[in-house]
Structure formats: structure tokens, C-alpha cells
Amino acid sequence: MKKVVVCIGSSCHLKGSRQVVEELQKLIDQNNLKEEVVILTATSGDTGKAALEGFKDVDKIKIVVFFPENGVSNIQKLQMKTTGGNNTCVVGINGNFDDAQTGVKNIFADTNFNKDLKEKGYILSSANSINIGRLTPQVVYYFYSYLQLVKQNQIALGDKINFVVPTGNFGNILAGYYAKQMGLPVNKFICASNDNNVLYDFFETGVYNKNRELKLTTSPSMDILISSNLERLLFEISNRDSKKVNSLLNNLNEKGVYEIDYDMRKNLSSFYAGYSKEDVVSKTIKEVFDKFGYLLDTHTAVAYSCYEKYVEDTKDITKTVIVSTASPYKFSKDVISSIQSIDCNLDDFEIINKLSDLSKTKIPGPIEKLKELEIRHNITCEKDELKSEILKFLGK
């Protein structure tokens with residue numbers, strides 16, 4: 001059995017943002033839009049930086065990114081806070097990613113606020129997975145990785161494969177599901193969760209219950225209890241019954257829980273769910289590094305350990321792509337401390353250098369340059385102050 005690790009996550013964030021930028025510019029030109037477009041994004045880490053880079057200094061577009069102040073790594077935070085561009089705004093909120101995402105969704109649903117902005121010369125759009133355009137480039141990556149296996153003679157064209165995806169917001173794995181619906185031969189999607197295992201419970205029981213404490217883990221991009229893209233899967237497995245989906249989501253909003261029926265559960269046969277506890281994540285990073293010399297980030301370690309459990313449970317030896325969604329250098333302290341003891345007094349960049357020496361891998365250029373960049377965004381707000389921060393940025 002040969003495992004293949006393919007990066008579908010981080011690089012696709014930026015490519016997806018660029019595609020959204022290009023399409024948005026076309027729409028602005030085609031419709032002779034007079035208003036400026038304000039992009040609102042809630043991020044658990046990587047999407048925010050990619051969107052900022054994609055929209056930086058783009059004419060007639062401004063971008064505001066909200067992130068949980070204590071819910072991303074220090075490097076992810078620095079990447080966002082050092083972003084240039086006169087049209088960019090980055091705000092840390094005193095809350096978690098769910099608070100940021102819910103706040104942004106509520107702003108889009110606030111007709112009075114949107115009307116007021118339009119009168120002031122602005123309209124809203126989004127660049128994260130609230131916008132379906134964020135997912136479409138990832139669909140292509142699933143086909144690409146499949147064809148790479150064919151090219152390498154790992155499989156024959158038409159053979160089914162598995163994908164293991166570490167996920168919290170269910171965006172990347174949903175793109176894979178769409179790829180399967182388009183004809184990609186997929187046996188199983190292994191949905192890998194961390195200690196915030198709300199998705200695991202959903203696939204195991206058919207019950208989605210957000211009424212639990214959010215746990216801050218070493219894989220912060222997955223520290224999510226309200227998985228927004230799951231509603232798109234609900235739409236598909238309910239045979240596109242929007243009334244049924246609306247009823248389920250109303251239950252989630254009002255009671256924090258919903259349960260799907262038997263017919264919907266039958267339509268989840270493409271999925272297997274697993275989750276990894278923190279000690280297993282750390283152990284996995286060390287085991288993979290010692291055995292293969294490969295440096296896993298914390299999120300990919302979640303996926304890898306869930307795959308090991310899947311094989312143990314099912315004995316399935318189908319060729320499998322483990323989706324690697326982040327750079328270990330963004331979570332260097334947690335990664336290196338899983339492999340060896342380190343001095344707790346070292347700063348982030350000293351740890352990054354040690355990780356590079358240990359793994360004999362090159363530090364990614366954008367991360368290495370961070371220590372030289374000026375912090376340009378240093379705003380924090382409460383989770384109910386998102387509108388006021390937007391208005392401050394727009395000078396209104």
C-alpha cells in the first residue's frame with residue numbers, strides 16, 4: 001500500500017482568490033458598476049491571507065478580513081497583519097471563528113445595512129467559502145491529483161481512489177464531493193476532524209449538534225463548530241430539497257442541533273469520518289518524520305492518523321490521497337515539539353530556523369520575510385462590532 005500526499009489546500013486558497021478577483025473584475029466592467037465592491041471574509045487562518053493578497057490594490061475593490069484573535073497561529077496572524085495595500089483591512093475579533101463567520105453572514109443578511117452601504121457607494125461580496133467561487137478551483141485539484149496517480153502508473157484510468165481531508169468548515173472536502181458528482185472515480189472521502197469532532201458525530205449518527213465547548217487545538221483552522229459548507233452537502237443529499245434544508249438550518253440556529261432522516265443518511269455512503277486527539281496528532285508527526293523524513297503540519301497529521309484508523313477499521317487498501325492543507329512552518333512550535341524537546345523561550349523565527357535545520361527543508365520565502373515586515377493592521381474588536389469596524393474602514 002502506497003500513500004500519496006498532495007497539497008490541495010494552501011496553494012489553492014490563493015489561486016481561488018485570484019480566480020474570484022478576475023471574475024469579479026469582469027462583472028464590474030460588464031455591468032458598468034458605479035459602486036465600489038467591499039469583500040468581507042471570515043478566516044480561520046489561510047483563506048484570509050490569500051484573499052488579502054488576491055485583492056490587494058485592485059481598483060474599485062476593498063477587502064475586510066475578520067479572524068479570531070486567539071484562534072490562529074502567530075505566523076498566520078503576522079501574515080495577515082503585515083499585508084500591504086491601501087484597500088485592505090484586517091481585524092482580530094475577541095471570539096472564535098464561528099463568531100467571525102456568523103457575524104459576516106449576518107451582515108450579508110442585514111438588508112438595512114446593505115441598503116445603507118449602497119447609498120454610500122458600496123456593495124458587499126465575499127471571497128471565502130461563503131462564495132461558491134472559492135470552491136471551484138479546488139474541484140480541479142481533485143481531478144489533477146487523480147490524473148497524477150494515473151500518470152505515475154499507480155492506478156489505471158477509471159480505478160477508484162480515496163481522499164482523506166482534514167476539515168472544519170467542510171469546504172475542501174465538499175469540492176472533492178462535487179468532483180465525484182462530475183464523474184471523478186472516488187471510493188471514499190475520509191472526513192478527518194480534530195478534538196472539535198462535530199462533523200465526526202454527524203456522519204456517525206446523523207445528528208449535528210453544536211452545543212458543546214469549542215476546544216483550541218494545535219490545528220486551529222479546524223477549530224470550528226458551525227461547519228458552513230455542510231449545508232451545501234445537505235442540499236445534495238436531500239435531493240436538492242431547499243425547504244428541508246431550511247428547516248434543518250432553522251433548528252440549528254434556534255436549538256443548536258438538527259437530525260437528518262434515513263433517506264439523507266443513505267446518501268452519505270461516500271463518506272467515512274474519523275477524528276484525532278491532540279496526543280495522537282503529536283505522535284503522528286513524530287512517527288511520520290522518523291519513518292519517512294516527511295514533515296507534517298498539525299492539520300495534515302490529523303488526516304494521516306484518521307487514515308491509519310480507517311485502514312485498521314475497514315482493511316481497505318484502495319490507493320489514497322492524503323490532502324495536505326498547510327505548511328508546517330506556520331505551526332512550527334507544535335510541529336518541532338512533537339519531534340524533539342525545544343527551549344520554550346525561543347521566539348517564532350528561532351523555532352522556524354531550528355525546524356528547517358532539523359528537517360533539512362527550506363523555509364518558505366513569504367514566511368522567512370515576515371520578520372522584516374511592518375505590522376500595518378493592529379485592530380481588535382468585539383464580536384458584535386463588525387459593522388462599526390467596516391464603517392470606520394470605509395470612512396463612513
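Just so we're clear, the structure is a prediction, and the values are computed from it rather than from any experiment.
Applying the ring pair (Phe, Tyr, Trp, His ring centres under 6.0 Å) rule to Tyr272 yields the partners Tyr310; only residues at least two apart in sequence or on another chain are considered. The side chain to side chain donor-acceptor pair (under 3.5 Å) check on Ser238 picks up nothing, with sequence neighbours excluded. Residues passing the side chain to side chain donor-acceptor pair (under 3.5 Å) test with Glu259, sequence neighbours excluded: none. In terms of the side chain to side chain donor-acceptor pair (under 3.5 Å) criterion, residue partners of Ser338 (sequence neighbours excluded) are, by chain and number, Ser282. The side-chain contact (heavy atoms from CB on, under 4.5 Å) test applied to Asn353 returns Ile363, not counting sequence neighbours. Every side-chain contact (heavy atoms from CB on, under 4.5 Å) that Asn267 has, sequence neighbours left out, goes to Ile237, Asn239.
Residue-environment remark: NZ (Lys244) exceeds the threshold of 12 foreign heavy atoms within 6.0 Å. Residue Lys60 qualifies as enclosed at atom NZ: its count of foreign heavy atoms under 6.0 Å is above 12.
In this structure, Ile351 CD1 and Ser332 OG are separated by 5.5 Å, a value rounded to the nearest 0.5 Å. Rounding to the nearest 0.5 angstrom, the gap separating the SG atom in Cys381 from the CD1 atom in Ile379 is 8.5 Å. Expressed to the nearest 0.5 Å, how far CG of Leu78 lies from CD1 of Ile367 amounts to 10.5 Å. Between Ile352 atom CD1 and Leu346 atom CG the span is 11.5 Å, to the nearest 0.5 Å.
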Determine, stepwise, if the pair Tyr294 / Phe289 fulfils ring pair (Phe, Tyr, Trp, His ring centres under 6.0 Å). CA-CA 5 Å; Tyr294 188 91; Phe289 183 75; 9.5 Å; no
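Of the listed residues (Val245, Asn246, Asn229, Asp241), just one forms a side-chain contact (heavy atoms from CB on, under 4.5 Å) with Leu234, and that residue is Val245.
Within the structure, the ring pair (Phe, Tyr, Trp, His ring centres under 6.0 Å) test picks out the following pairs touching residues 239-262 (sequence neighbours left out): Tyr208-Tyr258. Within the structure, the salt bridge (charged side-chain N to carboxylate O under 4.0 Å, His left out) test picks out the following pairs touching residues 91-119 (sequence neighbours left out): Glu35-Lys118, Asp99-Lys383, Lys105-Glu231, Asp110-Lys387, Asp116-Lys120. Every pair tested for salt bridge (charged side-chain N to carboxylate O under 4.0 Å, His left out) that includes a residue from residues 147-176 fails, sequence neighbours excluded, so the list is empty. Applying the salt bridge (charged side-chain N to carboxylate O under 4.0 Å, His left out) test to residues at least two apart or on different chains, none of the pairs has a partner in residues 332-354. Contacts classified as ring pair (Phe, Tyr, Trp, His ring centres under 6.0 Å) and involving residues 327-381 (residues at least two apart or in different chains) are given here: His299-Phe331. Applying the salt bridge (charged side-chain N to carboxylate O under 4.0 Å, His left out) definition to pairs two or more places apart or across chains, those involving residues 66-82 are Glu69-Lys77, Glu69-Lys81.
In this structure, the side chains of Ile336 and Gln340 come closer than 4.5 Å at one or more pairs of heavy atoms. Using a 4.5 Å heavy-atom threshold, the side chains of Thr325 and Asn172 count as touching. In this structure, Ile107 and Ile390 have side chains that are in contact, with non-hydrogen atoms separated by less than 4.5 Å. In this structure, the side chains of Leu135 and Leu174 come closer than 4.5 Å at one or more pairs of heavy atoms.
Look at Glu372 and Lys369 and you find no salt bridge, because none of the NZ, NE, NH1 or NH2 atoms lies under 4.0 Å from a carboxylate O. Here Lys309 does not pair with Glu312 in a salt bridge; the nearest charged N to carboxylate O distance is not below 4.0 Å. Using a 4.0 Å cut-off between a side-chain N of Lys or Arg and a carboxylate O of Asp or Glu, Arg232 and Glu236 do not qualify as a salt bridge.
The aromatic ring centroids of Phe271 and Tyr177 lie less than 6.0 Å from each other.
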